[in-house]
Student: 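Attaching a single structure in structure tokens format; questions to follow.
Every value quoted in this text rests on a predicted model; they were computed, and no experiment measured them. Here is the naming used below: chain letters follow the sequence lines, and residue numbers restart at 1 for every chain.
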Protein chains: 2
Amino acid sequence: MSNVQASIKQADQHCREHGVRLTDKRKQVLLSLLQSEKAMSAYELVDYYKAEFGESMPPMSVYRILDFLQEEHLVHKLNSTNKYVSCSHITCDHDHEITQFLICGECQSVKEININKSTIEALQNNIEEAGFHLVSPQLEMNCLCENCI
Amino acid sequence: MSNVQASIKQADQHCREHGVRLTDKRKQVLLSLLQSEKAMSAYELVDYYKAEFGESMPPMSVYRILDFLQEEHLVHKLNSTNKYVSCSHITCDHDHEITQFLICGECQSVKEININKSTIEALQNNIEEAGFHLVSPQLEMNCLCENCI
DNA sequence: GAATGATATGATACAACATATCATTTTAAA
DNA sequence: TTTAAAATGATATGTTGTATCATATCATTC
């Protein structure tokens, strides 16, 4: 089974367990993000969906489905670029605590990495010293990937 | 002299030295950001400008002026929120290498901090291990400030 | 100080990203 | 099979940002 198919299957399983439904449309949107292997905007997804599945989905539906997928932690939103990317840990059993994104500014490929806990703690200390309190440690870093360097 | 006035004066000086002009409009936009002491969107600046100076400035002009101020490193754009904030180091003589922003999600106040060099290096190592290359190390962290905790 | 070119700003239109709201369809359960 | 809930569609509009052409202001040279 391909990685993509394994992810879909796992996502389906995950939704069942959480008492929510991975409908066909939701599955297709997730599939689009998995297949494209890069971050896409909602409107890019509208186009991709149209090209891939032959029928068009209104932007409103795409946004709603992206919201759903985010709530289920199957998709992440990249705030710095207003794009969406499938979670790379769908097939992992463990929960991943902290998500850091390396975003290729050239090809929009995204790598989700885990920063050392000690590095995060050091960061957090810097923040507390400044009198602020970290709410969400999602870091998005503007990078170039191996292929685009 | 107030902090704000000192910053304006320094900004003016900086522009002279770089052979560019801090015109009245540019000065007023910078002043708006300095006075408000928080991050504002371009359109919020349009409103602020109108309220503060009695005449309206078209959004296009605000964007152009923000571009100018960014080029001169007098203003930063926060990509995660699509807002703009005055640089907190205008009155420093030294160049500040790496800028990290703590953004209060409640009141939009922003603190510009310097992360330990060692922490940044640790981060960078994590990134290189993942096969990516960091282009711009501007980190924007979703926080709460002292007053909003 | 008038002519000229460069820089700055205004005006208008539109593209890209996102949400509000009401209508319709599909699904699950009684 | 009726009914309520969930999901999706349709339409309008809000928000952020850029393209482009017109006008105004400034600086220099004649």
Student: So E140(B) and K77(B), salt bridge (charged side-chain N to carboxylate O under 4.0 Å, His left out) or not? Walk me through it.
Tutor: CA-CA 10 Å; E140(B) 301 176 18; K77(B) 172 169 188 183; over 6 Å; no
Student: Please check the phosphate of dT19(C) (OP1 and OP2 only) for any side-chain N or O of R64(A) closer than 4.0 Å.
Tutor: no
Student: Please tell me if K25(B) has a side-chain N or O lying less than 4.0 Å from either OP1 or OP2 of dT25(D).
Tutor: no
Student: Specify the residue among M60(B) and R21(B) whose closest nucleotide of DNA chain D lies further upstream toward the 5′ end.
Tutor: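 It is M60(B), whose closest nucleotide lies nearer the 5' terminus.
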Student: Any chance the side chains of H18(B) and E72(B) put a donor and an acceptor closer than 3.5 Å?
Tutor: no
Student: Among R16(A), Q10(A), K9(A), E17(A), find the one that has a side-chain hydrogen bond (donor to acceptor under 3.5 Å, both in side chains) with Q13(A).
Tutor: E17(A)
Student: Would you indicate which nucleotide in dG9(D), dA18(C), dT16(D) comes nearest to any side-chain atom of S41(B)?
Tutor: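 The listed nucleotide nearest to S41(B)'s side chain is dT16(D).
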Student: When you get a sec, tell me which of dA18(C), dA7(D), dG17(D) is the closest nucleotide to the side chain of Y84(A)?
Tutor: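 Looking only at heavy atoms from C-beta outward on Y84(A), the closest nucleotide is dA18(C).
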Student: For L22(A) and dT27(C), give me the distance from atom CG to atom P, rounded to whole Å.
Tutor: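 Checked: the CG to P distance equals 14 Å.
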Student: Could you state the atom-to-atom distance from CD1 of I65(A) to C1' of dT26(C) in whole Å?
Tutor: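 Value for this atom pair: 13 Å.
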Student: Verify the ring-centre separation between H76(A) and Y84(A): is it less than 6.0 angstrom?
Tutor: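 Between H76(A) and Y84(A), which both carry aromatic rings, the centre distance is not below 6.0 Å.
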Student: Nearest whole angstrom, please: distance from the P of dG9(D) to the CD of Q28(A).
Tutor: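 It works out to 10 Å between those atoms.
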Student: In whole Å, what is the span from the CG atom of D24(A) to the P atom of dA7(D)?
Tutor: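 Roughly 13 Å, once rounded to whole Å.
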Student: Whole Å only: how far is the CG atom of L69(B) from the P atom of dT9(C)?
Tutor: 10 Å
Student: Using whole Å, what does the distance between atom P of nucleotide dC17(C) and atom CG of L66(A) come to?
Tutor: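 Answer to the nearest Å: 12 Å.
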Student: Tell me the interatomic distance from K27(A), atom NZ, to dT27(C), atom P, rounded to whole angstroms.
Tutor: 13 Å
Student: Please verify the inter-ring angle class for Y49(A) with F53(A); under 30° counts as parallel, over 60° as perpendicular, anything in between as tilted.
Tutor: tilted
Student: Rounding to an integer number of Å, can you tell me how far D67(A) CG sits from dA7(D) C1'?
Tutor: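 My rounded result for the distance is 13 Å.
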Student: With a 4.0 Å limit, can you tell me whether Y63(B) has a side-chain N or O closer than that to the phosphate oxygens OP1/OP2 of dG10(C)?
Tutor: no
Student: Can you see if the side chain of N82(A) gets near the phosphate of dA16(C) - specifically, an N or O under 4.0 Å from OP1 or OP2?
Tutor: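 So the side-chain polar atoms of N82(A) never come under 4.0 Å of the phosphate oxygens OP1 or OP2 of dA16(C).
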Student: Check whether the aromatic ring of Y43(A) stacks on the base of dC17(C), taking stacking as ring centres less than 5.5 Å apart and planes within 30° of each other.
Tutor: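 Answer is yes, a stack.
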Student: Hey, does K77(A) reach any base, or is it just sugar-phosphate, or nothing, if we go heavy atoms under 4.0 Å?
Tutor: sugar-phosphate
Student: Quick check on dA8(C): is either OP1 or OP2 less than 4.0 Å from any side-chain nitrogen or oxygen of S61(B)?
Tutor: no
